[in-house]
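Worksheet: the structure to be examined is printed underneath.
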Amino acid sequence: MSRGEVRQGYVDWLLRKSMLSAASSAAGSLSAVGGMMQNPFGNPDPRGAIERAPVWFTAYPASMITKPTESFLATLSDDALWAAFESLGIAAVHTGPVKQAGGISGWNATPSVDGQFDRISIGIDETFGSEQEFRRLCDVAAAHGGIVIDDIVPGHTGKGSDFRLAEMNVGDYPGIYHMVEIPPEDWGLLPDVPAGQDSVNLGVDTEYRLEQAGYIVGPLQRVIFHDPGTKDTNWSVTGPVTGADGEQRRWVYLHYFKAGQPSINWLDPTFSGMRLVVGDALHSLQHLGAGALRLDANGFLGLEPANGSGEPAWSEGHPLSDAVNQLIASMVRKMGGFTFQELNLAIEDIKRTAEHGADLSYDFVNRPSYVHALTTGDTEFLRLTLNAALEQDVQPIGLVHALQNHDEMTYELTHFAATHSTDHFRFRGIDRSGNELARLIRSELIDGLTGPAAPYNKTFTTNGISSTLTTICAAALGYPDLAELSPQQVESITRAHLLLAMFNAWQPGVFALSGWDLSGALTVDPGLIPEILSGGDNRWIHRAAYDLMDYEPAAAKSASGMPRGVSLYGPLPRQLADPTSFASRLRSILAVRHHCGIAVGQQLAVPEVSEPALLVMIHRLPDGRTQATALNFSGRPISGAARSEHFDVGAAVINLRTGQLIGQVGTDRTIHVRLKPHAGVSLLVTDPTNTRVH
């Protein structure tokens, strides 16, 4: 067999495995179908999404200990598990990334470089189950009044067959990516690729030379996952690749994240990237049965040069990203589903994309803020971010308010550090620039949650802190050693954890939590996962294996090899039988949320308070009544007051959990509360003649 025949055989093999080919087929099956005409799609519908699924469980396939001999997806279909979810009030399961990911080197598969978020196929990874099991999960969820949320990644793929075909210059495949062929006469501008690697990151000097030569747009607004000597820029270059035509080529390609995640070009004339992503979304909704999709890394879909201004290329908050998100979200709504986005940008960006794009946005702005409030015992920064959102008319009903997820506790504070870096904000009696404020908050989070005071948490590049929410609570409480926590210390951690649940649940929007939250997982000893951490991604320390239902009490690790983490709270059946457990107390919190309808309410104000540790959020419920959430973010009992024009003089103040009258609004429109350490209360502030609680 000639070399040309071998190459053609390899190309044919790659084509059969490619996402673009499979996605095109999935999309074609729905073209010109009458059912595609029936659903409204032009405007986001956060209320409709929340009414379908107000509380979500976020799973992580690599970390879930499964039933003996069963896959992740089969285990997630367990009726007993869904009965426990239903008891808690959980109405949706976000599976996390379950499709094939990683890369291809020659004829061999290579592992994921980013926890399965470097997708290379629309097919389910057999490590986690099968398409049939995914569809079965959707059926079980529906039987319990729930839905399943899947993932798509509009911003990048892995280095799978699509990228290898692009390197070989096959058909439309180079058009999927932001990649540029560098002709041989300019290979002298490029660094050599070390043996054993298929690409190398460009240094800043090389990036500049290639920009001057007109090949790339140069530096971007920031280098995500910046790691000196490993990732200095957002560009990498391949070694010589023999194409389908026998010619050798070298390519420079963009990757916002890791080198194994080449970025998709949404404005290439072939529109091959668009076809790939939209076809993938349609496959999840129509073929697998998902009811909603998470849009991962969807804020980085436009790229435009700075036109000789000396500024970085425009890569964040670009209108092309808005257009793409509108297109994807509209297609999903047209299919009867909804979308939520992880958009770690400024509040203005969330507002803009919410006008026509995803139905819901992850609450990146307030997540580091509520952790900061717990760490310092002072809610001033949290009140600042909540009010900043209200000033922009970004209502919490459009947000996903989450406890832990698979990522680090992000503290980039992009709203302040980037978009408003030179604007000034009043904080602790001083006017500070956004950049100064962001640096201060980050330093206080790092000092309070890592280092000798909390060696079990680690900083992750410049993005955030690798930690579970349980270990954040432990660090905030001043527990440096988790090896022998006393029952009293575990109770203190539980109370702090539940406080954060109250903050996220007792405001409009989606409430989300993870298996690590439900089990009270601690971080993993890095010495147990040296190979996983060898690439420098220490987020894996907060992805310990957990066993929600006591499926495998003796299992030391998950099927994917993650070590079982220390669980402070224990399995769900035991917790739900114990009224003092984390899960049982959480169930009570979520019952209050459900009965008063706060999930689809409107936030009216976040007033000033007389006590630094106190937070008060005021909402209008769907029936027109006023609700107030009052929380104590300190480890001491407090007595505080909050005044608001939304409180009517003489109104009754009722504890929504107990139904007890605890006071009245004073003549100065003020309410007074007394709260135990790390405690909260949901209050109905209503006309004394209308004091019904439910």
Side-chain angles (χ1 to χ4, degrees), residues 35 38-41 44-61 64 72-99 124 128-152 280-296 328-342 358-362 397-402 405-406 505 508-515 518 548 590 593-594 597 599-600:
Q38 305 307 312
N39 293 312
F41 62 85
D45 184 12
R47 182 177 182 128
I50 292 169
E51 287 174 341
R52 287 181 66 186
V55 179
W56 301 354
F57 172 77
T58 300
Y60 192 68
M64 189 171 180
F72 165 77
L73 289 172
T75 299
L76 209 51
S77 304
D78 179 19
D79 268 308
L81 175 61
W82 272 93
F85 284 163
E86 195 170 8
S87 169
L88 284 167
I90 293 170
V93 164
H94 176 208
T95 62
V98 294
K99 295 183 178 178
I124 301 294
F128 305 129
S130 66
E131 291 193 355
Q132 182 178 358
E133 288 172 336
F134 194 107
R135 290 191 290 272
R136 163 68 179 160
L137 169 60
C138 295
D139 291 340
V140 172
H144 288 271
I147 65 167
V148 176
I149 303 173
D150 194 12
D151 289 82
I152 63 169
D280 182 25
L282 295 174
H283 177 265
S284 288
L285 296 164
Q286 179 73 12
H287 187 71
L288 297 181
L293 296 177
R294 169 185 176 269
L295 307 182
D296 178 70
I328 296 172
S330 293
M331 182 63 76
V332 173
R333 286 190 287 268
K334 201 171 185 183
M335 291 289 295
F338 67 84
T339 57
F340 82 100
Q341 62 183 357
E342 287 201 341
D359 299 277
L360 299 161
S361 293
Y362 193 85
I397 191 174
L399 301 176
V400 177
H401 310 287
N405 69 8
H406 65 279
V510 167
F511 172 67
L513 74 165
S514 68
L518 285 176
L548 286 179
L590 296 180
R593 167 187 165 89
H594 171 72
V600 289

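Side chains are part of it too, since the values below use all heavy atoms of this structure and drop only hydrogens, waters and symmetry mates.
From Phe128, atom CZ reaches atom CE of Met64 across 12.5 Å, with rounding to the nearest 0.5 Å. With rounding to the nearest 0.5 Å, the separation of OG in Ser284 from CD1 in Ile149 is 12.5 Å. Put simply, CG on Leu399 and CZ on Phe511 are 14.5 Å apart, with the number rounded to the nearest 0.5 Å. Atoms OG and CG, on Ser361 and Leu295 in that order, are 9.5 Å from each other to the nearest 0.5 Å.
In terms of heavy atoms, Ala53 sits closest to Val510 at O-CG2, 4.0 Å. Residues Gly146 and Trp82 share a closest heavy-atom pair of CA-CZ3, 4.3 Å. What you find for Pro46 and Leu360 is that their closest heavy atoms are CB-CD2, 3.8 Å. Considering every non-hydrogen atom in both Leu590 and Leu88, the closest pair reads CD1-O, 3.3 Å. Taking both residues in full, the closest heavy atoms of Ile147 and Ala292 are given as CD1-CB, 4.4 Å, listed atom of the first, atom of the second, then distance. Here the closest heavy-atom approach between residue Ala91 and residue Pro54 is recorded as CB-CD, 3.9 Å.
The ring-ring contact (aromatic ring centres under 6.0 Å, His included) test applied to His283 returns His287, not counting sequence neighbours. In this structure Glu131 satisfies the salt bridge (Lys or Arg N to Asp or Glu O under 4.0 Å) test together with Arg135, sequence neighbours excluded.
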Give the C-alpha distance, both sets of side-chain angles, the deciding distance and a yes or no for side-chain contact (heavy atoms from CB on, under 4.5 Å) between Ile90 and Leu513.
CA-CA 9 Å; Ile90 293 170; Leu513 74 165; 4.2 Å; yes

side-chain contact (heavy atoms from CB on, under 4.5 Å), that's the test. Do Val332 and Phe338 meet it? Break it down for me.
CA-CA 6 Å; Val332 173; Phe338 67 84; 5.5 Å; no

Going through the checks in order, is the side-chain contact (heavy atoms from CB on, under 4.5 Å) test met by Leu282 and Met335?
CA-CA 8 Å; Leu282 295 174; Met335 291 289 295; 3.7 Å; yes

For side-chain contact (heavy atoms from CB on, under 4.5 Å), just list the numbers for Gln132 and Leu137, CA-CA rounded to whole Å, side-chain angles, deciding distance to a tenth of an Å, and then say yes or no.
CA-CA 9 Å; Gln132 182 178 358; Leu137 169 60; over 6 Å; no

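Remark: the backbone N or O of Leu293 is not paired with any side-chain donor or acceptor of Asp150 at under 3.5 angstrom. Although no hydrogens or angles enter the test, the distance criterion places a donor-acceptor pair under 3.5 Å between the side chain of Arg593 and the main chain of Ala505. Side chain of Trp56 to backbone of Ser514: no donor-acceptor contact under 3.5 angstrom is found. With hydrogens and angles ignored, the 3.5 Å screen pairs a side-chain donor or acceptor of Glu133 with a backbone N or O of Ser130.
Using cut-offs of 30° and 60° on the angle between ring planes, the pair Phe340 and His94 is perpendicular.
Salt bridge Asp296/Arg294: present, at least one basic N to carboxylate O contact under 4.0 Å. Between Asp359 and Arg333, at least one side-chain N (NZ, or NE/NH1/NH2) sits under 4.0 Å from a carboxylate O, which counts as a salt bridge.
When side chains are defined from C-beta on, Val55 does not count as touching Phe85, because their heavy atoms never get closer than 4.5 Å. Contact check for Leu81 versus Val140: no side-chain heavy atoms found under the 4.5 Å cut-off. No side-chain heavy atom of His401 sits under 4.5 Å from any side-chain heavy atom of Pro508. Side-chain contact check for Tyr60 versus Thr95: every heavy-atom pair is 4.5 Å or farther apart. At a threshold of 4.5 Å between non-hydrogen side-chain atoms, the residues Ile328 and Ile152 count as touching. With contacts defined as side-chain heavy-atom distances shorter than 4.5 Å, the pair Val98/Asp151 does not qualify.
The environment of NE2 in His594 is sparse: at most 12 heavy-atom neighbours from other residues, nucleotides or ligands sit within 6.0 Å.
There is a side-chain donor-acceptor pair under 3.5 Å between Asn405 and Tyr362.
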